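In this text, all values refer to a predicted model and were calculated from it rather than measured experimentally.
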Amino acid sequence: MLLRAIARWRGHPLVRLCLQFISYVGVGLAALVVHYGLLVALVEFGRVDPVAAAVAGYIAGGVVSYTLNRRHTYASDRPHAEATWRFAVVAAIGLGLTWILMAVLTRWAGLAYLPAQFATTGLVVFWNFTGNRLWTFAERTRAVSVAPDAAVDL
């Protein structure tokens with residue numbers, strides 16, 4: 001009975017959105033491991049500035065995110081030539097947000113780099129999900145044209 005109720009609600013737009021966001025978060029965890037792994041390695045072992053390391057981690061995580069989200073979260077059929085530049089635009093805005101937030105939190109607010117990155121990630125994730133859902137991997141609409149000489153009876 002519970003499974004039937006779940007199956008019935010699965011088609012509801014809000015439920016589909018929640019399931020898509022859960023998938024996005026799962027993919028995000030994989031990208032996060034790459035992002036934070038590179039961030040910590042660069043700061044702790046490479047003595048790289050935390051802001052630059054956060055940006056490098058963001059880019060590496062972005063590659064993982066694109067690949068997995070295209071296939072699993074959004075199941076997009078948009079051609080790579082179109083989806084990659086759109087993803088890059090959304091990611092570039094997210095990168096700018098990451099840079100600004102990390103700079104504010106570490107340099108001006110004096111927060112340690114990991115808590116600053118956690119807060120930054122928490123904010124930027126909503127931008128990335130929304131941008132990719134509504135634009136990067138959105139279903140392509142096909143224009144419907146009507147012949148100029150076609151008459152429409154009302």
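Shown here are the side-chain hydrogen bond (donor to acceptor under 3.5 Å, both in side chains) partners of T120, two or more places apart in sequence or in another chain: there are none. Legend: residues meeting salt bridge (Lys or Arg N to Asp or Glu O under 4.0 Å) with R107, ordered by chain and number and at least two apart, are D49. Applying the side chain to side chain contact (heavy atoms under 4.5 Å, CB included) criterion to L111, with sequence neighbours excluded, gives L105, P115, A116. Partners of W108 by ring-ring contact (aromatic ring centres under 6.0 Å, His included), not counting sequence neighbours: none found. Shown here are the ring-ring contact (aromatic ring centres under 6.0 Å, His included) partners of F21, two or more places apart in sequence or in another chain: F126, F129. Listed by chain and residue number, nothing satisfies the side chain to side chain contact (heavy atoms under 4.5 Å, CB included) test with V33 (two or more places apart in sequence, or in another chain). Take R86 and apply the salt bridge (Lys or Arg N to Asp or Glu O under 4.0 Å) test, not counting sequence neighbours, and it matches E82. With sequence neighbours excluded, no residue satisfies ring-ring contact (aromatic ring centres under 6.0 Å, His included) with W127. Residues forming a ring-ring contact (aromatic ring centres under 6.0 Å, His included) with H80 (at least two apart in sequence, or on another chain): Y66.
Residues W135 and I93 share a single hydrophobic cluster, defined by chaining ILVMFWY side chains whose heavy atoms lie under 4.5 Å apart. Hydrophobic clustering (ILVMFWY, side-chain heavy atoms < 4.5 Å, transitive): L97 and V90 are in one cluster. Under the 4.5 Å side-chain contact rule for hydrophobic residues, L19 and V25 do not share a cluster. Cluster annotation: V124 and V104 are assigned to the same hydrophobic cluster (Ile/Leu/Val/Met/Phe/Trp/Tyr, side-chain heavy-atom contacts under 4.5 Å, transitive). Tracing side-chain contacts under 4.5 Å through hydrophobic residues (I, L, V, M, F, W, Y), one never reaches L42 starting from Y113; they form parts of separate clusters.
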Intermediate values then yes/no, side-chain contact (heavy atoms from CB on, under 4.5 Å), Y74 and T136: CA-CA 10 Å; Y74 303 105; T136 305; over 6 Å; no

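Considering OG1 of T121 and CE of M102, their distance stands at 8.5 Å, rounded to 0.5 Å. Here the CG-CD distance, from L32 to Q117, works out to 8.0 Å after rounding to the nearest 0.5 Å. One finds the CG atom of L123 at 14.0 Å from the CZ atom of F118 (value rounded to the nearest 0.5 Å). If you take CD on E44 and CG on L39, they are separated by 9.0 Å, rounding to the nearest 0.5 Å. Taken from CD1 in I22 to OG1 in T73, the straight-line distance is 11.0 Å, to the nearest 0.5 Å.
Listed by chain and number, the hydrophobic cluster partners of V34 are V27, V64, L68, where partners are ILVMFWY side chains within reach of under 4.5 Å, directly or through others. Under a 4.5 Å side-chain heavy-atom criterion applied to ILVMFWY residues, the cluster that includes F45 comprises that residue alone.
Proximity of a side-chain donor or acceptor of Y58 to a complementary backbone N or O of A91 within less than 3.5 Å is detected.
Summarising the geometry of F137 relative to R70, their closest heavy-atom pair is CE2-CB, 3.6 Å, with the distance given to 0.1 Å. Nearest approach of V43 to A53, heavy atoms of both residues: CG2-CB, 3.6 Å.
The side-chain hydrogen bond (donor to acceptor under 3.5 Å, both in side chains) analysis of residues 97-106, with sequence neighbours excluded, yields no pairs.
Side-chain atoms of I59 and L38, non-hydrogen and from C-beta on, never get closer than 4.5 Å to each other.
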